[in-house]
Amino acid sequence: MRIIAGFNRGMVLKTPKDLRVRPTADRVKEALFNILSVKIIDAKVLDLFSGTGNLALEALSRGAASACLVDNHNESIALIKVNISKTHSLEQARIIKADCLSAIKLLAAQSEKFDVVFCDPPYNCDWLQKIVDGVGQTRLLATGGVLVVEHNVDEKYLPSNIMKLIQSRRYGATIISFFTEDTEYASSSMPR
């Protein structure tokens with residue numbers, strides 16, 4: 001696993017020894033960041049189920065202003081710390097050790113807003129709906145912000161009146177879905 005673009009391009013990140021963490025594949029990550037494109041520049045990023053820090057550190061390498069990385073496993077927190085240090089991102093990155101839904105509530109209570117929220121939860125564990133609803137209900141997205149969720153092709157999202165699905169892209173058994181609160185942004189700013 002490596003940083004694909006930006007000032008840390010080509011840097012290899014430390015990965016777990018077991019299969020408990022499933023980092024986003026380079027091919028999917030590259031497609032994801034090509035879709036987001038300039039939205040990453042100066043963005044405030046939240047990475048839920050951060051695992052290795054792969055997505056947040058890619059965003060920082062591409063010009064994001066800051067990243068908050070959330071995970072609740074000690075092994076993942078240790079990997080994230082190593083990778084933050086390795087990429088010289090100590091000033092821009094912070095770590096929250098908590099489960100995803102608790103972190104969402106904590107950040108909302110602190111009136112935090114994010115331009116981009118990444119979420120790569122374990123597949124087939126009913127996280128898709130919980131995450132989309134949780135981010136929407138707590139209003140974590142900044143105006144024009146986007147929630148990006150990686151999920152298995154079998155996982156479905158039931159529409160709500162808070163979050164709107166902008167688009168989904170399929171890569172084998174993986175789907176990347178993009179959500180926003182702002183319907184005007186959804187129709188004009190993201191390619192379909």
Side-chain angles (χ1 to χ4, degrees), residues 1-15 21-71 76-77 79-96 100 103-104 107-108 110-121 131 135 139-150 163 166-169 171 174 176-182 184-192:
M1 182 178 56
R2 63 188 174 87
I3 301 291
I4 295 170
F7 63 86
N8 281 324
R9 181 181 182 185
M11 185 174 289
V12 177
L13 299 176
K14 185 174 173 91
T15 57
V21 174
R22 176 197 33 78
T24 300
D26 282 353
R27 173 179 75 98
V28 175
K29 183 169 68 169
E30 186 167 14
L32 163 63
F33 279 93
N34 285 340
I35 292 167
L36 290 173
S37 186
V38 297
K39 184 133 187 75
I40 291 298
I41 306 296
D42 295 325
K44 188 174 178 184
V45 173
L46 174 61
D47 187 0
L48 302 170
F49 293 95
S50 191
T52 61
N54 182 22
L55 294 176
L57 296 173
E58 182 75 35
L60 289 173
S61 180
R62 291 173 183 246
S66 64
C68 179
L69 298 89
V70 175
D71 208 291
S76 292
I77 295 296
L79 277 175
I80 292 166
K81 287 179 179 177
V82 168
N83 287 332
I84 286 173
S85 179
K86 190 173 190 178
T87 58
H88 309 289
S89 302
L90 295 170
E91 302 268 326
Q92 301 104 322
R94 71 176 166 141
I95 300 169
I96 295 177
C100 180
I104 287 172
L107 292 165
Q110 297 171 349
S111 300
E112 295 269 6
K113 297 284 183 186
F114 296 92
D115 302 298
V116 179
V117 176
F118 294 114
C119 186
D120 184 8
I131 297 303
V135 169
R139 305 287 193 205
L140 270 185
L141 292 180
T143 301
V146 63
L147 166 64
V148 182
V149 184
E150 181 176 338
M163 299 294 284
I166 304 168
Q167 68 172 300
S168 290
R169 299 277 177 101
Y171 305 91
T174 296
I176 303 290
S177 293
F178 299 81
F179 299 87
T180 190
E181 295 176 22
D182 183 344
E184 184 176 315
Y185 170 81
S187 63
S188 64
S189 184
M190 290 286 286
R192 296 196 182 264

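Bear in mind that the values here come from a model prediction, so they are computed numbers and not experimental data.
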Working to the nearest 0.5 Å, report the span between [atom1] of [X] and [atom2] of [Y].
X: L46; Y: D115; atom1: CG; atom2: CG; answer: 11.0 Å
X: I40; Y: F33; atom1: CD1; atom2: CZ; answer: 5.0 Å
X: I80; Y: L13; atom1: CD1; atom2: CG; answer: 11.0 Å
X: L57; Y: D47; atom1: CG; atom2: CG; answer: 8.0 Å
X: E112; Y: I96; atom1: CD; atom2: CD1; answer: 7.5 Å
X: N54; Y: L69; atom1: CG; atom2: CG; answer: 10.5 Å

Might you point out which heavy atoms bring [X] and [Y] nearest each other, and give the distance in Å?
X: H88; Y: Q92; answer: O-OE1, 4.0 Å
X: L140; Y: A108; answer: CD2-N, 3.8 Å
X: V45; Y: A64; answer: CG2-CB, 3.9 Å
X: I4; Y: E58; answer: N-OE1, 2.8 Å
X: A43; Y: V116; answer: CB-CG2, 4.4 Å
X: P121; Y: E150; answer: CD-O, 3.5 Å

Run L141 and M163 through side-chain contact (heavy atoms from CB on, under 4.5 Å) and show every step you take.
CA-CA 10 Å; L141 292 180; M163 299 294 284; 3.8 Å; yes
Using the test side-chain hydrogen bond (donor to acceptor under 3.5 Å, both in side chains), find all partners of S168 that sit at least two apart in sequence or belong to another chain.
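Here the qualifying residues are S177.
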Any residue meeting side-chain hydrogen bond (donor to acceptor under 3.5 Å, both in side chains) with E30, in chain and number order, not counting sequence neighbours
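For E30 there are no side-chain hydrogen bond (donor to acceptor under 3.5 Å, both in side chains) partners, ignoring immediate neighbours.
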Lys/Arg-Asp/Glu bridge criterion (N-O < 4.0 Å) met for E181, K113:
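No salt bridge links E181 with K113.
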Test C119 against every option in I104, V135, L55, L48 by the side-chain contact (heavy atoms from CB on, under 4.5 Å) rule and name the one that passes.
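Going through the options one by one, the only one that passes is L48.
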Backbone N or O of [Y] within a donor-acceptor pair of the [X] side chain at under 3.5 Å?
X: K29; Y: R2; answer: yes
X: S61; Y: A5; answer: yes
X: N83; Y: K14; answer: yes

If we only count heavy atoms from C-beta on, is the L147 to F114 side-chain gap below 4.5 Å?
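Side chain of L147 against side chain of F114, heavy atoms only: no contact under 4.5 Å found.
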Does the side chain of I84 come within less than 4.5 Å of I95's, by heavy atoms?
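Side chain of I95 against side chain of I84, heavy atoms only: contact under 4.5 Å found.
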Got a sec: does the NZ of K81 have more than 12 other heavy atoms crowding it under 6.0 Å?
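12 or below, so no.
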Heavy-atom neighbours of Q110 CD exceed 12 at 6.0 Å
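Counting neighbours around CD of Q110, more than 12 heavy atoms of other residues, nucleotides or ligands fall under 6.0 Å, so yes.
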Passes side-chain contact (heavy atoms from CB on, under 4.5 Å), F178 versus L32? Steps please.
CA-CA 10 Å; F178 299 81; L32 163 63; 3.8 Å; yes
Strictly by ring pair (Phe, Tyr, Trp, His ring centres under 6.0 Å), give each pair with a member in residues 44-63 just once, sequence neighbours left out.
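Passing the test, one end in residues 44-63: F49-W127.
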Test side-chain contact (heavy atoms from CB on, under 4.5 Å) on T87 and L60; report intermediate values, then the result.
CA-CA 9 Å; T87 58; L60 289 173; over 6 Å; no
Let's go through R62 and L36 carefully: what are the C-alpha distance in whole Å and the side-chain angles of both, what is the deciding distance for side-chain contact (heavy atoms from CB on, under 4.5 Å) to 0.1 Å, and is it a yes or a no?
CA-CA 11 Å; R62 291 173 183 246; L36 290 173; over 6 Å; no
